[in-house]
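Some notes on the structure that comes next.
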Amino acid sequence: MSETETNDGGVRRRTLLKAGGAAAAVGLTGVGLNAVGEEAEAASDQSGRETAHGNCWICRASCGQEVTVEDGKAVDLTGVDGHPKASAGEDREGTLCSKGMAQLNKTYNPNRIREPHIREDGELRAASWDEAIEFAAQRLEEFAEEHGPEKFLRYQGYPLGKHPWHDLVFKSLYGAPIKVGRKTTCHGPFSDSWAWMSGYGREWPDWQNSEYIIAWGRNVMECFRGQWEPKGVLDAKEQNDATVVCIDPRYTKTAEVADKWIPIKPRTDGALALAMANVIIEEGLYDEEFIGNYTHGFESYKEAVADKTPEWAAEITDVDADVIRDIAIGFAEAAPSSVAFPWTGIAYQSNGFKNAQNIQALNGLVGNIDSPGGTRQWTAGFGLDDPHEKQGIDVPANYEDKPTPDYDDYPFQRHVRNLSHNLVPKAVERGDIKGFVNNWSQPPKSGNTRAWFEALEEMDLVITVDAFWTGVSKRADVVFPGASQLEQPFLQTGGDGSYSTNGWVTGSKPAIEPVGNCRRDYQVYKALAEEMGWGEYFPWETGEEYYDSQLEAIGLSFDELDEKSYEIVTDFEYRQYEDRGFDTENGLFNFDLDAKPAYKALADDIGVSTAPAWHPPDDDLFGETTNEEYPLLFTDLMVEQFSRGHCQALSQSLEAYAQRFGHEDEDYRGNYLHINPKDAKARGIEDGDWVKVQSADDEIELMANLWEGVRPGWVGAENGFGVGSAQPDEEGANSMLLNKERHVEPTTGMTARNHPVEIERLGGEPQ
Ligand SMILES: Nc1nc2c(c(=O)[nH]1)N[C@H]1C(S)=C(S)[C@@H](COP(=O)(O)OP(=O)(O)OC[C@H]3O[C@@H](n4cnc5c(=O)[nH]c(N)nc54)[C@H](O)[C@@H]3O)O[C@H]1N2
Ligand SMILES: Nc1nc2c(c(=O)[nH]1)N[C@H]1C(S)=C(S)[C@@H](COP(=O)(O)OP(=O)(O)OC[C@H]3O[C@@H](n4cnc5c(=O)[nH]c(N)nc54)[C@H](O)[C@@H]3O)O[C@H]1N2
Ligand code: SF4
Ligand SMILES: [Mo]
């Protein structure tokens, strides 16, 4: 088959990872998907064919796309060879995963919002851009007069930082000081523990150079941030003969490629990590030089794990003591080219902060810090120009003098920057928040859903930019139809480990014009700013011009970058801490967080140790435990075909998901309740039955998928479905109907998505 021919599913060959072995097993291919959008498919005329660049950011990475455009329509997509995010290094084949491929399907999706809408007399109606912008500006002015801009809450999804105009208008100019804390929806426990221990916001494994990888509550082979991650893991296996360990109660695509799958009892990861440290210390396999020169708190760490033997942990975690010894020794012997990397599996836990701290401490214990094949730090390494500064435009910081809520009456909020996601409805109830602006996100699906819906209805003004009718856009007063990725200019910089020792920049002009009456983000914010009297802060005609001005700092024009798709900009060294120390209070890597005043105060407050420690779920601070009435633990899940809340509206993604779990013949395209056959049998549940998931607070109904790949005692469903989702028929269930305000990790304010439940067979057809 030549490069331009398609396989049976219509996916171009270059979108496939080199076939065979582990690669074929992982979710990188998009095989079986129709890659071509419905309208675009009709356009097959070869005349006027050209190639443009795009960038996908569906998983928040930015894999470069090569877009074939025919008569103004995008008709085909493929990866960009060597692209930092789409490949694992230079001279490597570039690909797109099935979500990246689905960008065509999304752009031309019949369910997209194509017109601005405004709410009049309680009803949303289509409006012209002029009308919608005028309406929004007037309502914003009235809101500021009546309530003050400090009561207007901000939130922005994935393009955060890449499209800086949302914050420019609403934070700097309008003066809205608070946003929904992203760390409280995605990663607080793991990123805060790392930030407080190492001073670095987020580590990225140096996957491709690693010799021992522990994917710990991390489904790297299907929930990746750019394809360099899974490709790096496969490289490590092939080139370094790396051992891959997957610690996950579910048999994921990562478990499929792993040498060891450890289906741990959920929420007990912290105990396992302490027992591994116990073994490593007992065996004298820790990095004395690193610990002696660059760390704080080793003595209290050592003391904390002294009695935490593998036998102790085996009881708690349901992992054999021998297995614990084995992975502890394997991990330590491969150091400093080994890595233990947690993410949302740990972040969504009610006791997640302590569990994450215990896991992160292991990397310090064996010296895997900023080392080849370890955890990469300090990888960005260069800055871009500030376009306003360059033009001599002083941007006011109107948010600075605005009052923020008195958080003392909010549980778990005092130590959280911005507002914890689950507490937004409380802030509305208390009158601290009365309006909301949103772009590329749909918070009600992230937790405390029913209260969020009520809060949105209660607010005086809701403005959103979205592509679909979601729980937010349906309740908004103003809906701006946003442009898709193929229709927007884009710029991103970073290191993020995709090249281990280089920083890069990637960007592209829009590949096509927006469909219908949709508009690019820059144009939306510029028009609104002009209407509000802030036109001077948007002197550039287009987003491309804005980016062009940023790039001068590195001697590139946006035109040149668009031609190339990406550019490698800087080199950086490993082990930068040897020269610069750690960006912590004491300049050291901290096993014990007692040197961090904010954490010390919090730990005293909630009665936990500042050193690594084991805190089981306890029905009080650290979540809820299963009991006779609710004996199964429910957890939110994700698969390769979907993103948190994006691709659920796309028929090709829904189809591939149904096929994956063998339900393609059912007349149902919602999410499934995955349940172990043993638990199903005990309840008389058969594959494909309709079941009720009952928690102490609420209930949802779903189709059961019987699967040996989930641990007995544990059930789960993919998120982003059901009421309030981007899926047009809202089939399936929004699992966060089970989630209430109190389901929060107490240190970081992160939503904890575990719920004790009972499952009951309803039989019959989905309602
Ligand atoms: N229940 C549950 N909630 C979760 C998670 C979970 O696992 N379970 N995961 C959490 C995590 S890790 C994260 S990072 C967050 C992410 O949460 P959010 O940042 O809220 O992102 P999404 O839910 O993906 O929502 C994306 C929104 O963008 C819209 N959209 C899609 N395409 C376009 C477009 O072209 N233009 C515009 N303007 N809008 C578009 C979609 O319709 C949707 O409303 O979710 C968190 N919430
Ligand atoms: N396909 C796809 N890719 C994505 C995204 C997406 O939505 N879809 N989102 C992107 C974003 S925003 C993020 S934050 C990253 C997240 O990347 P990951 O964190 O890798 O994503 P998840 O699939 O949520 O992986 C969490 C894993 O933890 C497991 N788990 C649940 N409970 C426990 C537990 O108690 N202990 C252990 N050890 N494991 C547990 C779950 O079964 C799951 O496999 O993915 C990014 N990439
Ligand atoms: S890995 Fe992420 S950025 Fe890359 S194509 Fe897939 S969804 Fe898009
Ligand atoms: Mo996330």
Side-chain angles (χ1 to χ4, degrees), residues 15 27-28 30 54-65 77-80 83-87 94-103 157-158 182-183 185-188 190-191 202 214-231 245-255 262-270 272-273 317 319 341-352 355-356 359 446 485 492 498 506 617 623 633-648 653 657 674 709-711 714 716 718-720 752-754:
T15 67
L28 286 171
N55 277 270
C56 173
W57 64 78
I58 276 290
C59 71
R60 216 171 172 221
S62 48
C63 294
Q65 299 159 323
L77 293 177
T78 178
V80 174
H83 191 278
K85 288 291 188 183
S87 64
T95 54
L96 296 170
C97 77
S98 63
K99 298 181 300 303
M101 292 301 295
Q103 292 315 298
Y158 290 114
R182 168 159 287 278
K183 283 183 184 175
T185 63
C186 169
H187 52 81
F190 111 93
S191 57
R202 160 177 285 164
I214 307 184
W216 203 321
R218 174 81 231 267
N219 188 5
V220 59
M221 300 312 286
E222 55 185 318
C223 272
F224 35 84
R225 280 274 172 88
Q227 296 160 92
W228 71 278
E229 289 204 279
K231 289 181 181 184
V245 177
C246 170
I247 303 179
D248 197 313
R250 177 169 66 125
Y251 191 71
T252 60
K253 298 273 179 197
T254 307
I262 300 180
I264 190 169
K265 187 170 177 207
R267 301 188 292 187
T268 65
D269 306 86
L272 176 61
T317 59
V319 181
F341 190 56
W343 202 339
T344 67
I346 310 303
Y348 297 175
Q349 300 170 347
S350 46
N351 55 345
N355 289 345
I359 296 169
S446 289
Q485 295 155 346
Q492 196 191 7
S498 40
T506 180
L633 189 71
F634 176 94
T635 296
D636 250 46
L637 300 174
M638 189 39 70
V639 287
E640 194 270 340
Q641 286 78 18
F642 298 109
S643 67
R644 306 289 156 186
H646 281 255
C647 304
Q648 285 81 341
S653 311
Y657 170 67
H674 303 291
V710 293
R711 232 190 102 91
W714 193 67
E718 286 75 18
N719 84 92
R753 303 194 177 99
N754 291 293

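Worth saying up front: this structure is predicted, and the values here are computed from it rather than measured. Residues take their numbers from the sequence shown, with the count starting at 1. Both ligands and their constituent atoms are indexed starting at 1 by order of listing.
Considering both main-chain and side-chain atoms, Phe224 comes within under 3.5 Å of ligand 2 through a nitrogen or oxygen pair. Considering both main-chain and side-chain atoms, Thr252 never comes within under 3.5 Å of ligand 2 through any nitrogen or oxygen pair. Between Asp248 and ligand 2, a contact under 3.5 Å exists for at least one N or O pair. At under 3.5 Å, a nitrogen or oxygen of Val639, whether backbone or side chain, sits near a nitrogen or oxygen of ligand 2. Between Thr635 and ligand 2, a contact under 3.5 Å exists for no N or O pair. At least one N or O atom of Phe642 sits closer than 3.5 Å to an N or O atom of ligand 2. Considering backbone and side-chain atoms together, Asp269 places an N or O closer than 3.5 Å to an N or O of ligand 2. Residue contacts with ligand 2: Arg267 is placed with a nitrogen or oxygen under 3.5 Å of a nitrogen or oxygen of the ligand (distance criterion only). Ligand 2 has a nitrogen or oxygen under 3.5 angstrom from a nitrogen or oxygen of Ile247. The shortest N/O to N/O separation between Glu640 and ligand 2 falls below 3.5 Å.
With values rounded to the nearest 0.5 angstrom, Arg250 atom CZ is found 14.5 Å from Arg711 atom CZ.
Remark: side-chain polar atoms of Gln65 are paired, donor with acceptor, to backbone N or O of Asn55 under 3.5 angstrom. Using modelled atom types, no side-chain atom of Gln349 and backbone atom of Ala347 make a donor-acceptor pair closer than 3.5 Å. Without hydrogens or angle criteria, Thr254 side chain to Met221 main chain gives a donor-acceptor distance under 3.5 Å. Asp636 contributes no side-chain N or O that, together with a main-chain N or O of Gly716, makes up a donor-acceptor pair within less than 3.5 Å. A donor-acceptor contact shorter than 3.5 Å is absent between the side chain of Arg225 and the backbone of Val220. Of the possible polar contacts, one joining the Arg753 side chain to the Ser446 backbone as a donor-acceptor pair under 3.5 Å is found. Side-chain N or O atoms of Glu718 include none that pairs as donor or acceptor with a backbone N or O of Val639 at under 3.5 Å. Side chain of Lys85 to main chain of Cys56: no donor-acceptor pair is present (N/O by atom type, distance under 3.5 Å, no hydrogens or angles). Of the possible polar contacts, one joining the Glu222 side chain to the Lys253 backbone as a donor-acceptor pair under 3.5 Å is found.
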List the steps, then state whether side-chain contact (heavy atoms from CB on, under 4.5 Å) holds for Arg60 with Arg644.
CA-CA 11 Å; Arg60 216 171 172 221; Arg644 306 289 156 186; over 6 Å; no
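In the model, His83 has a side-chain atom that pairs as donor or acceptor with a side-chain atom of Thr506 under 3.5 Å. For Ser98 and Gln641, the side-chain atoms include no donor-acceptor pair closer than 3.5 Å. Using modelled atom types and a 3.5 Å distance limit, the side chains of Asn219 and Glu640 yield no donor-acceptor pair. Residues Trp714 and Thr635 have side chains that bring a donor and an acceptor to within less than 3.5 angstrom of each other.
Contacts with ligand 2 closer than 4.0 Å are made by side-chain heavy atoms of Trp714 only, the backbone lying farther away. Counting heavy atoms under 4.0 Å from ligand 2, residue Asn754 does not touch it at all. The proximity of Cys186 to ligand 2, defined as any non-hydrogen pair under 4.0 Å, is limited to the side chain. No part of His187 comes within 4.0 Å of ligand 2, judged by heavy-atom distances.
Near Asn219, the atoms of ligand 2 lying under 4.0 angstrom from a non-hydrogen atom of the residue are 18 (P), 20 (O), 23 (O), 25 (O), 44 (O). Near Glu222, with a cut-off below 4.0 Å to any heavy atom, the atoms of ligand 2 are 1 (N), 2 (C), 3 (N). Set against the non-hydrogen atoms of Met638, the atoms of ligand 2 under 4.0 Å away are 6 (C), 7 (O), 8 (N), 23 (O). Close contacts of ligand 2 with Lys99, meaning ligand atoms under 4.0 Å from a residue heavy atom, involve 1 (N), 2 (C), 3 (N). Residue-ligand proximity, Leu637 to ligand 2, at heavy-atom distances under 4.0 Å covers atoms 42 (O). Per-residue contacts place Ile58 under 4.0 angstrom from the following atoms of ligand 3 (heavy atoms of the residue considered): 7 (S). Numbered from 1 in the order shown, with element, the atoms of ligand 3 that lie under 4.0 Å from a heavy atom of Phe224 read 1 (S). Near Thr344, with a cut-off below 4.0 Å to any heavy atom, the atoms of ligand 2 are 14 (S), 16 (C), 18 (P), 19 (O), 21 (O), 22 (P), 24 (O), 25 (O), 26 (C). Atom numbering of ligand 2 starts at 1 in the shown order; those under 4.0 Å from a heavy atom of Gln349 are 34 (C), 35 (O), 36 (N).
Ligand 3 lies less than 4.0 angstrom from a heavy atom belonging to Gln227.
Aromatic ring pairs are classed by plane angle as parallel below 30°, tilted from 30° to 60° and perpendicular above 60°; the pair Tyr657 and Phe642 is perpendicular.
The residue from Gly345, Cys223, Gly226, Ser643 that puts a heavy atom closest to atom 33 (C) of ligand 2 is Gly345. For the residues Arg60, Arg644, Arg753, the heavy atom positioned nearest atom 13 (C) of ligand 2 is part of Arg644. Considering only non-hydrogen atoms, atom 12 (S) of ligand 2 lies nearest to Arg225 out of Arg225, Glu718, Arg250.
The single protein non-hydrogen atom nearest to atom 2 (Fe) of ligand 3 is Cys59 SG, 2.3 Å, given as residue, atom name and distance. Among all protein heavy atoms, the one lying closest to atom 8 (Fe) of ligand 3 is Cys56 SG, 2.3 Å.
Backbone or side-chain N, O or S atoms of Cys63 do not reach atom 8 (Fe) of ligand 3 at under 2.8 Å. At least one N, O or S atom of Cys97, from either the backbone or the side chain, sits less than 2.8 Å from atom 6 (Fe) of ligand 3.
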